[in-house]
Protein chains: 2
Amino acid sequence: MTSGTGSGPPTIVSIAERAGVSIASVSRVLNGLSARRDTEEKVRKAAAELGYVPNSVARSLKGGRTRQLTFAMPDIGNPVYVAMVREIQAVAKAAGYRLLLHSTDAVTEDELAVVRSLAERTSDGLIICPIRITPQHVEAIAHATAPVVVIGSPPPDAALDCVQADSVSGAQKAVWHLADTGRRRIAFINGPLDTVPGRNRDEGYRKGLADHGLGYDPELTAATDFAVTAGAAAAHELLDRRPDLDAIFCANDQLALGAAQTLHARGMRVPEDVAVAGMDDTLLARAAWPPLTSVDLGSAERGRIAAELLLERLREAAEAPAERTNSTSSTSSTDDTDVPPPAPRRTTAEPRLVVRESTVPARSV
Amino acid sequence: MTSGTGSGPPTIVSIAERAGVSIASVSRVLNGLSARRDTEEKVRKAAAELGYVPNSVARSLKGGRTRQLTFAMPDIGNPVYVAMVREIQAVAKAAGYRLLLHSTDAVTEDELAVVRSLAERTSDGLIICPIRITPQHVEAIAHATAPVVVIGSPPPDAALDCVQADSVSGAQKAVWHLADTGRRRIAFINGPLDTVPGRNRDEGYRKGLADHGLGYDPELTAATDFAVTAGAAAAHELLDRRPDLDAIFCANDQLALGAAQTLHARGMRVPEDVAVAGMDDTLLARAAWPPLTSVDLGSAERGRIAAELLLERLREAAEAPAERTNSTSSTSSTDDTDVPPPAPRRTTAEPRLVVRESTVPARSV
DNA sequence: GTGAAAGCGCTAACAA
DNA sequence: TTGTTAGCGCTTTCAC
């Protein structure tokens, strides 16, 4: 009963009617395909007059692509992830993709749901940053219906595209720096040891000490939550136990901030009495007093790399959609979903030490 | 040539074939409509075996809704916007909507493009947080093809849904607090005066002083950029000019952080010698040493309110799609796009002073 | 170069 | 209750 004109937003049908051509011609002109001069003019004129804007949903349905990417991260309040979002958004935008954001609150079930929801074809690809990577994650990602890039460190045998941080050598670098600047009793406030980051940073700390011939002393270490108050409390503990410590290395900036606050509260000078270093190089590091030396584990870089890798996978998929070639023509037993996957790529972002005044006194402010 | 089975992801057609029913029955069962017991079972079984997941794009095309919301903000690196994103994401998720993120870098052209892109029907509604609201913004938003909620303060005559901050009374509250705690020479480091926030904060500062019988002294004020280093520099200037000042109120936390750093660098104690207060109550405020008193202008709250308002508009639009009723049946002159708009709603988030140790010495730490 | 027509996967009106 | 059918708006053969 709809006449096609006057109801709802303009479509190619409205344009076709107004221009007196077929919808096919409209489509062609609008997509820059060849058309006779006057056809093109009529169509463009009608489209302009009607204020036509193509319906992206219809386009997606036809084309099988949404031009949307999804990024799923644990917590948008965390500056580390914000840095990733920022880069991903920029890369996506530049490539003509929109960015869909998911906050999983680090709940495994949520993360898995996001991966599975790729089957809804709401987005063309996913970048996911899980807090821990379980076998279920690996399984779900391996069977995902669209390209997935993981920001994190899956088990070595997992065949996934991923972008890792190297927190081992990151921690190591921080310890080197502290040792290089004359510190000898370097304490370490770590996060939970039952997490991958926790274990890695511990390893880096030990390596760093060993590299400089410094012994590992359990009394100089603490493991707690990744939070400012936890850092403050841990620092108190350490100082009570070992008042002679001359540096505190922390597994992230928030812990470092807490440690620095404790030092202030106890009337100790940073860095003269005790040097403090953190990790992640968030805006907190720059904001602290004194500004914190910190190890940039490359959040921004990982975000960028992940996005670029994902885009590459999408390009590949677009160029080689001939997955089912060479199979028996129309036998009903085609249930297998085995597709030769492109060799998974593992990239690692190189950590970068950013030296500020919490470890090296400023010459001039 | 496609048989419907075995190629590509399962669709209702594959299910129908496998279950030996029509696609309509499949659709019904899958949407929870009534069906005979065994039909339902057959369908569910087939769907499960095939690992069927509905294609959201096709659904959107049919239903005219994408179940996506867009949030456009100037800079995802800014904690104020991060707080908004967080809340918006939560509200959207709870209501079954996905969140599309746009970073406009505060470029007006980009902002307008986002509003106009609503015509592509990629998302059902938009929350936009423009840095300045121009007449073009008002115009574009008024003619948008989907509901838009503005976070910010459009001109009073603009008929837009919006959620405002009250930075005037926020600044005022901060000054009150400083005066109440005995400060008399309260300096003010503001952002650029040619922005709405800048002007409002200045107004609040003056009002606050007046309320307490304190005179306005231009020598005690500075206007600069919203950045840590700018705050530090401005504080130096103020202290050179007026070494007797006993408080510095700053138009945001970054400026306050910079001011605090300058005070430390000059060997002055916070808050004993000079109290410092900021605005926005970002995580920087809590991270600073001492922790900064700050005025929470309700970023999180504004985000939440905006999202809820937008959802309400969407509900209204869904319930009353009878815009074209009572018009002449099929006259061709139905070009007008005048639709009686629901009365625009203006909400204001109440500022909240958060007192910390940068203005009031801690009793015990 | 252009138009008619066939879908993309789904929902909903209408018949049976 | 169930099946047939007509679209949602678009792109893309395939004839003409």
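The chains referred to below are lettered A, B, ... by the order of the sequence lines, with proteins before strands, and numbering in each begins at 1.
For A:Glu41 and A:Lys45, the salt-bridge test fails: no basic side-chain N is under 4.0 Å from an acidic carboxylate O. Taking a cutoff of 4.0 Å between a charged side-chain nitrogen and a carboxylate oxygen, A:Glu316 and A:Arg313 qualify as a salt bridge.
One interatomic measurement links the two molecules: CD1 of A:Ile12 to P of C:dA5, which rounds to 15 Å at whole-angstrom precision. Distance CZ (B:Arg121) to P (D:dC10): 11 Å, rounded to an integer number of Å. One can place CG of B:Leu61 at 11 Å from C1' of C:dT11, the figure rounded to the nearest angstrom. Put simply, CG on A:Leu50 is 13 Å from P on D:dG9, counting in whole angstrom units. Atom CG in B:Asn55 sits about 18 Å away from atom P in C:dG7, given to the nearest Å. Rounded to whole Å, the distance from NZ on A:Lys62 to C1' on D:dC10 is 7 Å. The separation between B:Glu120 atom CD and D:dG9 atom C1' is 14 Å, rounded to whole Å. One atom, CG of A:Asp124, and another, P of C:dC8, lie 19 Å apart when rounded to the nearest Å.
B:Thr11 has no side-chain polar atom (N or O) that falls below the 4.0 Å cut-off from OP1 or OP2 of C:dG9. Residue B:Arg59 has no polar side-chain atom (N or O) positioned under 4.0 Å from OP1 or OP2 of C:dG9.
The two residues A:Gly152 and A:Ile133 have their closest heavy-atom pair at C-CD1, 4.3 Å. Closest of all the heavy-atom pairs between A:Gln68 and A:Ser123 is O-CB, 3.3 Å.
To the nearest 0.5 Å, atom CZ of residue A:Arg59 and atom CG of residue A:Asn31 are 5.5 Å apart.
Of the possible donor and acceptor atoms, one in the side chain of A:Arg67 sits under 3.5 Å from a partner among the backbone N and O of A:Ala95.
Of the candidates B:Val149, B:Leu112, B:Ile128, B:Ile141 forms a side chain to side chain contact (heavy atoms under 4.5 Å, CB included) with just one, namely B:Ile128.
As judged by a 4.0 angstrom heavy-atom cut-off over every strand, A:Val21 is placed among residues touching the sugar-phosphate backbone only. When heavy atoms are screened at a 4.0 angstrom cut-off, B:Ser60 is found touching no nucleic acid atom at all.
At a non-hydrogen distance threshold of 4.0 Å, B:Ile23, B:Ala24, B:Ser27, B:Arg28, B:Asn31 from residues 23-33 of chain B come into contact with DNA chain C.
In terms of position along DNA chain D, the nucleotide closest to B:Ala35 lies nearer the 5' end than the nucleotide closest to the other residue of the pair B:Gly63 and B:Ala35.
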